[in-house]
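Report on the structure given below.
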Amino acid sequence: MTSKAEYRKKYKELRKQLTLEEREEASLQIANRLLSLDIWQHEFYHIFLPIVKLGEINTEYILNILSGKDKNVVLSKSDFEELRMTHYLLTDNLVIKPNEWGIPEPQNGIQVDPKQLDVVFIPLLAYDESGNRLGYGKGFYDRFLADCRPDILKIGLSYFDAEKAIPHNSDDIKLSHCITPSKTFRF
């Protein structure tokens, strides 16, 4: 059995092997796949802004879809002491700056309660056929998702297909979907 650390190392390396052009094309394909999901009737959508130096999926394409559909978009700011996130409505005057880890974050704005959210697009390194996800290991998203309504849609975004099974804990929150450039997984 492979450990969480081994999966993290594997998927970070796989990401590094993708060229910028491959990552951009995959990000666009993921956004296009999302258009076929029955998720666009909701009001509040939480999205992550990518850590560019880590080769995360470019969510700008999804932001454009959300803007075109006139949806409320919510971004998070991380508190690394408490290992929690605070959520802010994306508005025209929201100031966004990268933190010391390269995460683009809102600096101010209108705070949004996680219970208001309908859909969360989730970054990840790996996931499995049962919807378990593996992030960077700090538990930010598991704590965040635990504060959301139970019926929230939890949509992972990945360049890669699912593993058969990855290690997980009882407090890990499963995805409802994961979207790759070529497949849509429902769990």
Side-chain angles (χ1 to χ4, degrees), residues 2-37 39-40 45-69 71 73-78 80 85 87 90 94 96-106 119-129 131-142 144-145 153-164 166 172-187:
T2 304
S3 71
K4 285 185 174 187
E6 290 169 314
Y7 277 112
R8 284 187 182 103
K9 182 178 179 183
K10 173 185 174 179
Y11 280 91
K12 285 179 183 178
E13 188 55 42
L14 285 172
R15 264 195 205 162
K16 283 183 188 175
Q17 293 173 14
L18 296 173
T19 66
L20 175 61
E21 293 78 20
E22 289 170 328
R23 289 194 312 266
E24 285 298 311
E25 180 61 28
S27 296
L28 179 59
Q29 290 171 338
I30 288 167
N32 285 336
R33 278 193 146 310
L34 283 169
L35 286 169
S36 67
L37 289 182
I39 62 170
W40 303 108
Y45 294 76
H46 181 282
I47 195 162
F48 64 94
L49 298 178
I51 305 171
V52 176
K53 68 182 180 183
L54 296 182
E56 290 186 338
I57 289 164
N58 182 353
T59 55
E60 182 179 329
Y61 303 110
I62 301 168
L63 279 169
N64 288 336
I65 293 169
L66 292 167
S67 176
K69 293 182 177 292
K71 300 300 180 180
V73 177
V74 178
L75 305 173
S76 291
K77 182 173 185 167
S78 302
F80 279 84
M85 298 189 298
H87 316 285
L90 179 60
L94 186 68
I96 299 170
K97 290 183 184 173
N99 69 15
E100 62 186 280
W101 292 274
I103 303 168
E105 295 184 325
V119 179
V120 178
F121 297 106
I122 304 173
L124 52 84
L125 286 168
Y127 64 103
D128 68 20
E129 293 174 352
N132 297 300
R133 68 172 278 281
L134 185 65
Y136 294 109
K138 298 288 186 203
F140 278 102
Y141 271 84
D142 289 313
F144 160 42
L145 293 170
L153 292 174
K154 300 169 290 289
I155 302 175
L157 307 176
S158 180
Y159 296 120
F160 310 107
D161 283 343
E163 290 282 344
K164 191 78 174 156
I166 58 173
D172 291 342
I173 295 181
K174 290 185 177 192
L175 301 169
S176 55
H177 300 76
C178 193
I179 310 301
T180 74
S182 61
K183 292 182 185 169
T184 299
F185 292 87
R186 288 179 174 84
F187 307 109

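Side-chain atoms are counted along with the backbone in the values below, which use heavy atoms only and exclude waters and symmetry mates.
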With sequence neighbours left out, write down each residue that passes ring pair (Phe, Tyr, Trp, His ring centres under 6.0 Å) with [X], or none if nothing qualifies.
| X | answer |
| --- | --- |
| F185 | Y127 |
| Y61 | none |
| Y45 | W40 |

Legend entry - Residue pairs, two or more places apart or on separate chains, that pass ring-ring contact (aromatic ring centres under 6.0 Å, His included) and touch residues 12-34: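 Applying ring-ring contact (aromatic ring centres under 6.0 Å, His included) to every pair that reaches into residues 12-34, excluding sequence neighbours, yields nothing.
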Can you name the residues that form a salt bridge (Lys or Arg N to Asp or Glu O under 4.0 Å) with [X], not counting sequence neighbours?
| X | result |
| --- | --- |
| E22 | none |
| K97 | none |
| K69 | none |
| E163 | K10 |

Among all residues two or more places apart in sequence or in another chain, which pass the side chain to side chain contact (heavy atoms under 4.5 Å, CB included) test with [X]?
| X | result |
| --- | --- |
| E13 | K16, Q17 |
| S36 | none |
| S67 | none |
| D142 | R133, D172, I173 |

Inset, instruction - Would you please indicate if the ring centroids of F160 and Y11 are separated by under 6.0 Å? - result: yes
